[in-house]
Amino acid sequence: MNDSSRPTLLLIDGFSMAFRAFFALPVENFATSTGVPTNAVYGFASMLATLMKEHAPTHAAVAFDLPGGTFRTERLPSYKGTRDATPPEFEPQVPLIREVLDALGVAAVDKERYEADDLLATYARLGREAGMRVLVVSGDRDTIQLVTEDVTLLYPRKGVSDLVRFTPDAVVEKYGVRSDQYPDLAALVGETSDNLPGVPGVGPKTAAKWIGVYGGLEGILDNAEDVPGKAGQSLRDHVDQVRLNRELNHLVTDLEVPLTVEDLEYRGADAVAVHQVCDALQFRTLRERLLPLVTSDSAEHVPEEPDEVEVVTDGALAAVTALSGPVSLHVEGRTGADADAWAIGVSTGDQAWGIDLTALSAAEETSLRAWLEDDAVAKTLHGAKDGWHALMARGIDLAGITGDTQVGAFLVNADQRGFDLASVLQRYLGVTATGGTAGDELDLGLDASAAHAAGSTAAHVGRLAAELDAEIERRGMTSLYREVEIPLIGVLARMEHAGIAVDRERLGERADGARARADLAAAQAYEAIGGEVNLGSPKQLQEVLFERLGMPKTKKIKTGYSTDASSLADLQAKSPHPFLEALLAHRDAAKLGQIIETLAQAVREDGRIHTTFSQVVASTGRLSSKDPNLQNIPIRTEEGHRIREAFVVGKGYETLVTADYSQIEMRIMAHLSGDEGLIEAFRAGEDLHRFVGARVFGVDPDDVTPEMRSKVKAMSYGLAYGLSSFGLARQLSVPVGEAQAMMDDYFARFGGVRDYLRTVVDQAREVGYTETILGRRRYIPDLTSTNRQRRDIAERVALNAPIQGSAADLIKKAMLGVDVALRDQGLASRQLLQVHDELVVEVAAGEQDAVETILTEQMHAAGDLSVPLDVNVGKGSDWRAAGH
DNA sequence: AGGCCCTCGTT
DNA sequence: GACGTACGAGGGCCTA
């Protein structure tokens, strides 16, 4: 099969694969600093590098479609007619791909009036006849017909890196017909992407069956009268369509080709051209993967791949425990409820070791534990918190975490997707992990043992850390990384490990109440329309509201008209109906019931809920919480609020204490803007919204009505989110003019805020990023987008990121301060939760006053702002009572 | 089973 | 023509 003596011809459908790459890689993450999108180029080049390396073809060509029609559209103008227009970001990448091909020395071919597939078909035949092994790479199913013993199709399953090999056997297995019969099958079934309808009621199974019985399409059509059943009648009704389909899906194999097969010989890349192209496209890691394709005679300055670090397992324990750091560490294991660790890997850069934890004697484990728990041994991991949990399951309290390549990669660019090790290695080192997709267990090959794999991974993490440290330093985020994010890992790990106690009975009561209210509301809703519908189905609700009841249309959404709460409230105002009222009540109760159910099912055997906090999700730098999310427990409605009564102080502790920042984002805005009026308001300690309301409406603070206050409050917060007068008007249900007037008045009194908001966006556009108080950067390339909508969104992001991000910085610093203070004072009380501007602490007996003091002091001390940071503290036996 | 859409909870 | 940040989670529903 892999006989290397035969020449190999690699044939690629350029558009098809570039298109796949375009949709596989988010365009917003791939652009040059000048805003040229490069995701399709990147994905295509990456795929090509892999193919060249794996298959080492002697000949290669990439075929392109040309603009304008083909003989197929001449025959049938609607051919491929349903295809959406290509996205504007895609088009400009096609010439770039041709440039890359040129640099790599890979032939690009095209032909007027024919599709790339026809060129592939013709070259496949020519290659076959020349005795070559042929590989066709295409995402177009029509190319299945090319498969023979000599021609293998590589068809993308997902993205462009996951290619399925279609050999003759694989085609039969997948479709139940031979590759040469596939066009017959496709003609019957139809091809949506080509806008060729098939025979209604006939799917691949039926088509394959018929082909088996009658030997092929001709046989089927000759015997059409005898084909039984409904499908048979359907076939007879669509014979013309089927014939047309078959005519169009036949690929031309005898084209006059622009280059001979011999001309396609691959002679290798041109080093200078590859460097030029990579410079222009700002490809860093891809450069390293493309350069090996350079032929030896032009390869003078090609840096060599660093040698794979040798992994030692024999005598690893003794070697590792003798190390005093710094090292990179990898833990093979699971996190979560069934946490466990079974192997670790350690690397110093020159050398790596792997240790099987399951095979250690008691004495060995003691010695390893001492090393892992030694704070003086500096360790860098990828996802250190996960490693901590896995080791904690074995009673090991990992210490000395001084680096985390996952957190580091997030700081470098928070808007990228995927911070699992495989993705980050790929991104920064160009290392491709095999076996399993990103996110799955990483397998860098070599040896099957977990210990060996751990050692190899540790070595990779070490190389990654060196790269990322430099990137972080370049961006001025070293102190944020070393002094905030890294120390926070241990704090979060302990919070997750502690969990928060839940009173299951109380939770059960709330669930019962919600269920009863939901049932009642549902009954009333059915009564109101004289029948049952699924109240949880927006689709069915649309049918009831807008068709059966003929209500006025609400705002448009992708699938019709919205049935969300605000739309329903509008409807109720315009055309009152008992159904609407019951529906809203049902929504409310059902949602609560659902939340409670999720929480109840998350309670572990210890009677506590252990959420998982992530430092690498929210681009602004906030934490996120999941499984379950404890940062969105209801508070606004009475019934929702009562859920918090089920979060209680645990056994052995006395109270829960909550401490939250008062109006933290407004204070940060006052600080960042330096607006004297706003700063004065906070310094005076007045009610902010009353103070602002007085200025905006030109009345005495005492004369600010509750209504004025709430309007001003909405506006103040809205400004930090980039709210428009339109949005404010809608939120306040006032005319746009009134909202605009309010904003004008606001800016007239608080000019510093207006100037700040303007400056922050302009500066971000200039330098490409925003920055928080602690120097956290967020890159926002869309600020220079020519697409109005994208740019508008980017501007709102730029407004909000420094404010929300600075608030995140401050509370993270506060958490570190609280942690240190609790420890320094030898207290048993512990932090349990963080909800963006609030901390929840479980207080041990006799520590109440000390804890309250620590919280207040540390939260105050987190920021040195031009306005005071107010902190509210509350206590109680449950979360609701502790709140305020 | 997996993914998209809608809806909705928090800050 | 759109128009407020940042998330996570569940159900419905379509596709594979």
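Every heavy atom of this structure was used, including side-chain atoms; hydrogens, water molecules and symmetry mates were not. Quick note on labels: first sequence line is chain A, next is B, and so on, each numbered from 1.
- Picking from dG10(C), dC14(C), dT10(B) the nucleotide with the shortest atom distance to the side chain of Q594(A) gives dG10(C).
- I635(A) comes within contact range of the sugar-phosphate backbone alone, with a heavy-atom separation under 4.0 Å but no base atom that close.
- Of the candidate nucleotides dT10(B), dA6(C), dT7(B), dT7(B) has the atom nearest to the side chain of R587(A).
- Closest contact between the side chain of P634(A) and the listed nucleotides dC14(C), dT7(B), dT10(B) involves dT10(B).
- Atom P of nucleotide dC13(C) and atom CG of L535(A) are separated by 12 Å, given to the nearest angstrom.
- R790(A) has no carboxylate O lying under 4.0 Å from a charged side-chain N of E795(A), or vice versa, which leaves the two without a salt bridge.
- Here S625(A) does not reach the OP1 or OP2 of dT10(B): none of its side-chain N or O atoms lies under 4.0 Å away.
- Heavy-atom distances under 4.0 Å link DNA chain B to S562(A), T563(A), D564(A), A565(A) of residues 561-573 of chain A, given in residue order.
- Across all strands shown, K591(A) has heavy atoms under 4.0 Å from base atoms, whether or not it also approaches the sugar-phosphate.
- With salt bridges taken as basic N to acidic carboxylate O contacts below 4.0 Å, none links E496(A) and K626(A).
- Nucleotides dC8(B) and dA2(C) have their C1' atoms positioned 22 Å apart, rounded to a whole Å.
- Evaluation of atom-type donor-acceptor distances gives a pair under 3.5 Å for the side chain of Q804(A) against the base of dT5(C).
- Atom pair W879(A):CH2 and dG9(B):C1' shows a separation of 12 Å (rounding to whole Å applied).
- Comparing dT10(B), dC13(C), dC3(C) against the side chain of N632(A) picks out dT10(B) as the nearest.
- Rounded to an integer number of Å, the gap from D660(A) CG to dT10(B) P is 15 Å.
- R642(A) forms no cation-pi arrangement with F647(A), by the criterion of a distance under 6.0 Å to the ring centre and an angle within 45° of the ring axis.
- For a distance-only test at 3.5 Å, the side chain of Q731(A) qualifies as a donor-acceptor partner of the base of dG4(C).
- At least one side-chain heavy atom of E665(A) sits under 4.5 Å from a side-chain heavy atom of Y721(A).
- Checking dG9(B), dC7(C), dC13(C) against every side-chain atom of Q540(A), the shortest atom distance belongs to dC13(C).
- Rounded to whole angstrom, the span from the CG atom of N800(A) across to the C1' atom of dC3(C) amounts to 16 Å.
- Each of N800(A), T772(A), T620(A), D415(A) was checked for a side-chain hydrogen bond (donor to acceptor under 3.5 Å, both in side chains) with R778(A), and the lone residue meeting it is D415(A).
- Using a 4.0 Å heavy-atom distance criterion, D792(A) is classed as making no nucleic acid contact.
- When distances are taken from the side chain of V617(A) to each of dT5(C), dC7(C), dG9(B), the shortest belongs to dC7(C).
- Looking at R510(A) and E597(A), no side-chain N of the basic residue comes within less than 4.0 Å of a carboxylate O on the acidic one, giving no salt bridge.
- Between N629(A) and dC7(C) there is no side-chain polar atom (N or O) within less than 4.0 angstrom of OP1 or OP2.
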From CA spacing to verdict: side-chain hydrogen bond (donor to acceptor under 3.5 Å, both in side chains), R777(A), Y779(A): CA-CA 6 Å; R777(A) 286 190 190 176; Y779(A) 287 83; 3.2 Å; yes
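- Remark: P of dA6(C) and CD1 of I811(A) are 19 Å apart, rounded to the nearest angstrom.
- A residue-by-residue look at T620(A) and R788(A) shows that R788(A) has its nearest nucleotide of DNA chain C further toward the 5' end.
- One finds a salt bridge joining R776(A) and E485(A) here, because a Lys/Arg side-chain nitrogen approaches an Asp/Glu carboxylate oxygen to under 4.0 Å.
- As rounded to the nearest Å, dC5(B) and dC3(C) have P atoms that lie 16 Å from one another.
- Following rounding to the nearest Å, D627(A) (CG) and dC7(C) (P) show an atom-to-atom distance of 17 Å.
- Checking the phosphate oxygens (OP1, OP2) of dC5(B), no side-chain nitrogen or oxygen of T559(A) falls inside 4.0 Å.
- Among the heavy atoms of the strands, none lies under 4.0 Å from R790(A).
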Take R796(A) and S724(A), measure what side-chain hydrogen bond (donor to acceptor under 3.5 Å, both in side chains) needs, and give me the verdict at the end. CA-CA 10 Å; R796(A) 289 194 292 272; S724(A) 63; over 6 Å; no
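- Distances from the side chain of A618(A) to the nucleotides dT7(B), dT5(C), dC7(C) place dC7(C) closest.
- In this model, the phosphate group of dA6(C) is not approached by any side-chain N or O of S624(A) to a distance below 4.0 Å at OP1 or OP2.
- Checking the phosphate oxygens (OP1, OP2) of dG11(C), no side-chain nitrogen or oxygen of S537(A) falls inside 4.0 Å.
- The CZ atom of F647(A) sits 12 Å away from the C1' atom of dT10(B) (whole-angstrom rounding).
- In this structure, CG of L592(A) is placed 17 Å from P of dA9(C), rounded to the nearest angstrom.
- Across all strands shown, R622(A) has heavy atoms under 4.0 Å from base atoms, whether or not it also approaches the sugar-phosphate.
- Within 6.0 Å of CD in E645(A) there are more than 12 heavy atoms belonging to other residues, nucleotides or ligands.
- Distances from the side chain of I557(A) to the nucleotides dG9(B), dT5(C), dC6(B) place dC6(B) closest.
- The residue I633(A) sits close only to the backbone: its heavy atoms come under 4.0 Å of sugar-phosphate atoms, none of a base.
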